[in-house]
Amino acid sequence: MWIPLMNNDIRYLAPAKLNLFLHINGRRDDGYHELQTLFQFIDLADELTILPTKEPQIELRAVLAGVNSEDNLIVRAAKLLQAHGQTKQGAIIELNKRLPMGAGIGGGSSDAATTLVVLNRLWQLHLTTTELATLGCALGADVPIFTHGHAAFAEGIGEQFTPAEPECCWYVLLTPPVSVSTARIFASPDLPRNTPKFAPAQYNFKKTRNDCQTIVTQHYPEVAQALDWLVEYAPARMTGTGSCVFAPFTTERQARTVAMRCPPEFAPLVCRGLNQSPLHEQIARLGI
């Protein structure tokens, strides 16, 4: 059970994201894949309470099934920033885990990015957003978009950004009870790896797709079932390489009507698309 350190402690947001599309353009010599995607935040988030300390220890107070504390991206992010900033300060961090794990909406990556962004300020290291994004790359391909803080087209391995302003739709998210292995999907010989790139100005949701979706649905029938159900109501697709699938709606009422009809095993959620990270808005309000 999550208990805040103090009742008046700030709970920093670690927002989720959607990949509105995901195209794989090629494979590099180092084994990484060249990607093109469009990231947008949504108004669902984990919460982190972060208290700086004068002692160098990094303490994480969270219980996550199957995740050793030292392997947690939050701890790794804090120690990476600590070493890079050459600071002897530490932190006590508590995680209120609200986002489903392994869903492809960036929960662990967002937790790591929030740790980097907040501790950079609390420790007064004064690293730039670009420097934080570079550190984030060492933790995972999705971490930089959360340090970046604005919706963006991404290329390369996901770290080259072009700011974007996609429509802030209402979304229905379904999360089947299965964890998808990203490594397994990207290792598949049947994964498409030659989708042509296009200019961001040419973006049209209906003309894009998730190149991982066919492979995932072949190996994980639960994801296929969720997609089959949701596509009856709106254009539905998978986000990232996780189990979560989504569909856009014009109004909140439309989204909630569909969510109420959904079988409970798909754990339906309704959320709003956001082009500005709620973490960055929160930090601006707090003035830290």
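At a threshold of 4.5 Å between side-chain heavy atoms, the hydrophobic network of Ile, Leu, Val, Met, Phe, Trp and Tyr places Tyr171 and Phe205 in one connected group. Under the 4.5 Å side-chain heavy-atom criterion for Ile, Leu, Val, Met, Phe, Trp and Tyr, Val231 and Val172 are members of distinct hydrophobic clusters. The cluster map of Ile, Leu, Val, Met, Phe, Trp and Tyr, joined by side-chain heavy atoms under 4.5 Å apart, puts Leu95 and Leu80 in the same cluster. The hydrophobic clustering, which links ILVMFWY residues whose side-chain heavy atoms are closer than 4.5 Å, places Trp229 and Phe246 apart. Under the 4.5 Å side-chain heavy-atom criterion for grouping Ile, Leu, Val, Met, Phe, Trp and Tyr, Leu35 is not connected to Ile105 through any hydrophobic cluster.
Shortest non-hydrogen contact noted between Phe146 and Pro15 is CE2-O, 3.0 Å. The minimum heavy-atom distance between Lys17 and Gly104, with the atom names listed, is NZ-O, 2.9 Å. Across all non-hydrogen atoms, the minimal contact from Ala112 to Leu139 is CB-CD1, 4.3 Å. Taking each heavy atom of Leu173 and Cys271 in turn, the nearest pair found is CD1-SG, 3.4 Å. Taking every heavy atom of both residues into account, Ala91 and Thr53 meet most closely at N-OG1, 3.3 Å. Ile92 approaches Arg61 most closely through the heavy-atom pair CG2-NE, 3.7 Å.
A cation-pi arrangement is absent between Arg27 and Phe186, since the terminal nitrogen or guanidinium carbon is not both under 6.0 Å from the aromatic centre and inside a 45° cone about the axis. Taking the ring centre of Tyr233 as origin, the terminal cationic atom of Arg261 falls outside the region bounded by 6.0 Å and 45° from the ring axis.
Considering only heavy atoms from C-beta on, Leu81 comes within 4.5 Å of Leu127 through its side chain. With a 4.5 Å cut-off on side-chain heavy atoms, Leu191 and His33 count as touching. For the pair Glu165 and His150, the minimum side-chain heavy-atom distance is below 4.5 Å. In this structure the side chain of Glu94 never reaches within 4.5 angstrom of the side chain of Asp9, judged on heavy atoms. No side-chain heavy atom of Leu274 sits less than 4.5 Å from a side-chain heavy atom of Glu281. At a threshold of 4.5 Å between non-hydrogen side-chain atoms, the residues Leu73 and Arg76 count as touching. Residues Leu119 and Leu125 form no side-chain contact, since every pair of their non-hydrogen atoms from C-beta on lies 4.5 Å or further apart. Side-chain contact between Phe41 and Ser110 is absent, with no heavy atoms from C-beta onward closer than 4.5 Å.
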Full working for side-chain contact (heavy atoms from CB on, under 4.5 Å) between Glu131 and Asn120 | CA-CA 11 Å; Glu131 290 174 308; Asn120 180 49; over 6 Å; no

Check step by step if side-chain contact (heavy atoms from CB on, under 4.5 Å) holds for Val117 and Tyr12.
-> CA-CA 10 Å; Val117 170; Tyr12 296 100; over 6 Å; no

Stepwise, does the side-chain contact (heavy atoms from CB on, under 4.5 Å) test hold for Cys212 with Ile24?
-> CA-CA 8 Å; Cys212 298; Ile24 303 174; 4.0 Å; yes

Step by step, would you call Val118 with Leu279 a side-chain contact (heavy atoms from CB on, under 4.5 Å)?
-> CA-CA 9 Å; Val118 173; Leu279 170 67; 4.2 Å; yes

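Rounding to the nearest 0.5 Å places OG1 of Thr182 at 12.0 Å from CZ of Arg184. Atom CZ of Phe21 and atom OG1 of Thr37 lie 5.5 Å apart (nearest 0.5 Å). Within the model, atoms CZ of Arg193 and CG of Asn25 stand 12.5 Å from one another, a figure rounded to the nearest 0.5 Å. Distance check: Thr217 OG1 to Leu227 CG gives 7.0 Å after rounding to the nearest 0.5 Å. Interatomic distance, OG1 of Thr114 versus CG of Leu48, reported as 6.0 Å (0.5 Å rounding). Once rounded to the nearest 0.5 Å, the distance linking CG of Leu269 with CG of Leu44 reads 6.0 Å.
Between the side chain of His23 and the main chain of Asp211, no donor-acceptor pair closer than 3.5 Å is present. The closest donor-acceptor contact from the side chain of Gln89 to the backbone of Trp123 lies under 3.5 Å. Here the side chain of Asp46 pairs a donor or acceptor atom with the backbone of Leu99 at under 3.5 angstrom. Side-chain N or O atoms of Arg28 include none that pairs as donor or acceptor with a backbone N or O of Glu34 at under 3.5 Å. Of the possible donor and acceptor atoms, none in the side chain of Asn96 sits under 3.5 Å from a partner among the backbone N and O of Glu47. A donor-acceptor pair under 3.5 Å is formed between the side chain of Arg237 and the backbone N or O of Thr208. In this structure, Ser188 contributes its side chain and Ile185 its backbone to no donor-acceptor pair below 3.5 Å. Not a single donor-acceptor pair under 3.5 Å links the side chain of Gln36 to the backbone N or O of Phe153.
With Val245 as the fixed residue, the side chain to side chain contact (heavy atoms under 4.5 Å, CB included) test singles out one of Asn210, Thr239, Val223: Val223.
For Phe198, the CZ atom sits in a packed shell: over 12 heavy atoms of surrounding residues, nucleotides or ligands are nearer than 6.0 Å. No more than 12 heavy atoms of other residues, nucleotides or ligands sit less than 6.0 Å from atom CD of Gln124. Within 6.0 Å of the CD atom in Glu167, the count of heavy atoms belonging to other residues, nucleotides or ligands does not exceed 12. Atom CG of Asp29 is surrounded by 12 or fewer heavy atoms from other residues, nucleotides or ligands within 6.0 Å. Summarising the local packing, CZ of Arg253 is surrounded by 12 or fewer heavy atoms from other residues, nucleotides or ligands at distances under 6.0 Å.
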